[in-house]
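One structure below.
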Amino acid sequence: MSAAPIAEFVREYAASDVSRLHMPGHKGRGPLGCEALDLTEIAGADELYEAGGIIAASEANTARLFGTAATYYGAEGSSQCIRAMLFLALQAAPAGQGRPVLLAARNAHKALLYAAALLDFDIAWVWPAPDAEDGLCACPVTPGRLAAAFDGLQAAGRRPFAVYLTSPDYLGGIQDVGALAPLCHGRGVPLLVDNAHGAYLRFLPGGSRHPIDLGADLCCDSAHKTLPVLTGGAYLHVGHGLLAPDPAAVRGAMCLFGSTSPSYLILQSLDLCAAALAGDWPAQLTACIRAVDALKQDLDALCPGLVRPSEPLKVVLDGGALGCTGQALAETLRAHKVECEYADRQYVVLMFAPGNLPRDYDRVRAAADAARRPGEGTALPTLPAGIWGRLAAEAVPRCTIRQAVLARQERVPAGQALGRVCALPTVACPPAIPIAVSGEVIGPAAAELFRCYGVEEVAVIAE
C-alpha cells in the first residue's frame with residue numbers, strides 16, 4: 001500500500017496533461033503555484049464523505065499510526081469534528097431520558113456552544129475551583145470534581161449523554177484523561193476530548209499521552225496546529241471504548257457539518273503527514289522537545305516564575321513575573337521578530353514544532369532579557385477574589401442555548417449588559433472559559449470579568 005496514496009494520485013493527475021473540464025475554475029493554473037495540485041472529487045480521487053479508495057487507504061494509514069479503531073479526515077478544522085462527535089454521541093444515547101445534557105468543563109471552544117445550538121442540547125458545566133487564579137483558559141477537572149458533577153445531575157434526575165473535556169487547554173494544561181475515563185465508563189457515559197492542540201502527544205519520546213490511548217471514546221485533533229499539515233486539516237478519532245459508530249454514520253456526521261467541496265490541498269497534506277509520522281518526524285519531535293525544555297530552563301533561570309508549567313511544545317510566559325502584562329510582553333517579542341500564538345492580560349503562549357529554527361529560540365531568549373529591564377510594562381492586576389465561585393452561582397440559564405443563539409439580538413456596551421440574557425458566547429479567546437454563555441443571565445461577576453479582560457461589547461437577546 002502506498003504511504004501517501006492521495007498525494008501520489010494528485011501528482012500523477014497533474015503530470016498527465018488532461019484537459020480539466022471540471023471544477024475548480026482555475027483549471028490547474030494560477031498565481032499561487034499550487035493550482036495544479038488543487039482538485040475536486042473526480043474519478044479516482046475518492047470522495048471524503050463516501051471514501052472507499054485513496055482517501056480511505058490514507059485514513060487507514062493514519063489510524064494505524066494513532067492506534068485508533070478508526071480515524072477520519074476533516075478539512076475544516078476541529079470545529080467540524082467537534083460537532084460530528086457530539087452528534088454521534090447524541091445518536092448513541094439511550095432513548096427516553098428526556099432533554100439531552102452534556103457534562104463539560106467550562107473552558108470549551110465556542111464550537112461546542114454552537115454545536116449545542118445546532119443540536120439543541122443543554123450543558124452542565126464543571127467549573128474551576130472558586131478561588132482559582134489561572135485566568136480564563138484553564139479549568140482542571142479532578143476525579144472528585146467530576147464525580148460531584150455526576151452526582152449533581154443524578155440528584156436532578158438527569159444523565160449526561162457524554163462528558164466533554166478540552167485537553168490540552170490553551171495554556172498547555174493537560175487533563176488527567178487516564179483517571180477521568182474510568183470514572184465516565186463506570187457510569188456508562190462516553191468521554192469525548194477536544195484534543196485540538198495535542199495531535200503530537202501520540203508520538204512523545206516517553207510514550208503516548210494521546211487521549212485515545214488514555215481511554216477517550218471519541219477525540220478530535222487539529223492536525224494543523226502541531227503536525228506538518230495545512231491549516232484546516234483535522235482528525236476525528238474513534239477509540240476502543242463505549243462508542244463504536246458505523247463508518248457510514250461517522251462520514252454522515254462529518255458531511256452534516258462540512259462542505260461537500262473539501263480541499264484536496266488539505267487532504268494531501270494530511271496524507272503526506274501520515275508518511276512523515278511513519279518516517280523520521282517522531283525523531284524530529286524528540287529533538288524539538290529537548291530544545292523547548294532547554295529554552296524553558298534558560299527563561300526560568302533568567303526570571304524565576306516567568307515560565308508556567310505546560311505541555312511539551314508550548315512555552316507559556318507569565319508577564320507578571322516581569323512586571324508587565326502579557327500584551328506588553330507580546331509587543332517586546334514582536335520587536336524581536338517573534339509572533340506569539342496568543343497574549344492576554346497575564347500570559348503569552350508560544351507554540352513550537354519541529355519546523356522551528358534555532359534562531360527562533362534565540363529570539364525568545366533575547367526578548368525575555370529585554371523585557372526584564374527597568375521601565376518595561378506595567379503592574380499586573382489580579383483576578384477578583386473568588387470570581388469563579390460567584391460566576392458559577394449567577395450563571396443561571398434563562399433559556400436554552402439554541403433559543404438564545406437564534407433569538408433576535410443586539411450588541412450593547414458591556415457596562416449596560418447587567419441583567420440581560422447573553423445571546424452569543426463572550427470569550428477572551430476561542431478555547432477559553434466563556435464569561436457568559438448563550439441563554440445565561442449576565443450578573444455582577446460577569447460584569448467584573450468584562451472589565452478585567454477589556455470586553456467592550458456583548459451580544460444580548462433584544463428586548
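Shown are L90, L112, V163; of these, the side-chain contact (heavy atoms from CB on, under 4.5 Å) with L102 is made only by L112. Under the side chain to side chain donor-acceptor pair (under 3.5 Å) test applied with Y170, the options E341, H197, K314 reduce to a single match, E341.
Within the 3.5 Å criterion, the main-chain N or O of A4 finds no donor-acceptor partner in the side chain of E8. Counting only distance, with no hydrogens or angles, the side chain of Q327 and the backbone of R345 share a donor-acceptor pair below 3.5 Å. Side-chain N or O atoms of E47 include none that pairs as donor or acceptor with a backbone N or O of E41 at under 3.5 Å. Remark: side-chain polar atoms of Q175 are paired, donor with acceptor, to backbone N or O of V141 under 3.5 angstrom. Distance alone, capped at 3.5 Å, places no donor-acceptor pair between the R402 side chain and the A116 backbone. Formation of a donor-acceptor pair under 3.5 Å by the Y264 side chain with backbone atoms of A45 is found in this model. Using a distance-only test at 3.5 Å, with no hydrogens or angles considered, no donor-acceptor pair links the side chain of S222 to the main chain of G77.
The side chain to side chain donor-acceptor pair (under 3.5 Å) search around R158 returns D122, not counting sequence neighbours. D246 pairs by the salt bridge (charged side-chain N to carboxylate O under 4.0 Å, His left out) definition with nothing, not counting sequence neighbours. In this structure, the salt bridge (charged side-chain N to carboxylate O under 4.0 Å, His left out) partners of R251, at least two apart in sequence or on a different chain, are E59. For D293, there are no side chain to side chain donor-acceptor pair (under 3.5 Å) partners, not counting sequence neighbours. Take S208 and apply the side chain to side chain donor-acceptor pair (under 3.5 Å) test, not counting sequence neighbours, and it matches D213.
Open room surrounds CZ on R408; 12 or fewer heavy atoms of other groups in view lie less than 6.0 Å from it. Applying the 6.0 Å contact sphere to CZ of R308 captures more than 12 heavy atoms from other residues, nucleotides or ligands. Within a 6.0 Å radius of CD in Q97, other residues, nucleotides and ligands contribute more than 12 heavy atoms.
Using a 4.0 Å cut-off between charged side-chain N and carboxylate O, R398 and E440 make no salt bridge.
The ring pair (Phe, Tyr, Trp, His ring centres under 6.0 Å) contacts involving residues 200-225 comprise F66-F203, F66-H210, H210-H237, where partners must be two or more places apart or lie in separate chains. Applying the ring pair (Phe, Tyr, Trp, His ring centres under 6.0 Å) test to residues at least two apart or on different chains, none of the pairs has a partner in residues 400-419. Evaluation of the salt bridge (charged side-chain N to carboxylate O under 4.0 Å, His left out) test over residues 222-244, restricted to residues two or more places apart or in two chains, returns none. Identified under the salt bridge (charged side-chain N to carboxylate O under 4.0 Å, His left out) test for residues 265-279, with sequence neighbours left out: none. Residue pairs meeting the ring pair (Phe, Tyr, Trp, His ring centres under 6.0 Å) criterion with at least one member in residues 133-164, sequence neighbours excluded, are F121-F161.
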Derivation of the side chain to side chain contact (heavy atoms under 4.5 Å, CB included) call for I266 and E76: CA-CA 9 Å; I266 294 174; E76 297 174 59; over 6 Å; no
Test log, rule side chain to side chain contact (heavy atoms under 4.5 Å, CB included), inputs S58 and I54: CA-CA 6 Å; S58 182; I54 57 176; over 6 Å; no
Pair D221-L201, side chain to side chain contact (heavy atoms under 4.5 Å, CB included): steps then yes or no: CA-CA 10 Å; D221 295 352; L201 294 174; over 6 Å; no
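A donor atom on one side chain and an acceptor atom on the other are not found under 3.5 Å apart for Y235 and T62.
Of all heavy-atom pairs between L242 and D217, the closest is N-OD1, 2.5 Å.
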For a quick test of your reading: what N or O donor-acceptor pairs under 3.5 Å do the side chains of residues 456-463 make, sequence neighbours left out?
residue, atom, partner, partner atom, Å
E457, OE1, R411, NE, 3.3
E463, OE2, R420, NE, 3.0

Expected list for residues 443-452: side-chain donor-acceptor pairs under 3.5 angstrom, two or more places apart:
residue, atom, partner, partner atom, Å
E448, OE2, R390, NH1, 2.6
E448, OE2, R390, NH2, 3.3

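Using a 4.5 Å heavy-atom threshold, the side chains of V292 and P312 count as separate. By the 4.5 Å heavy-atom criterion applied to side chains, L267 and L48 are counted as neighbours.
Taken to the nearest 0.5 Å, the OG1 atom of T166 stands 11.0 Å off from the CG atom of L192.
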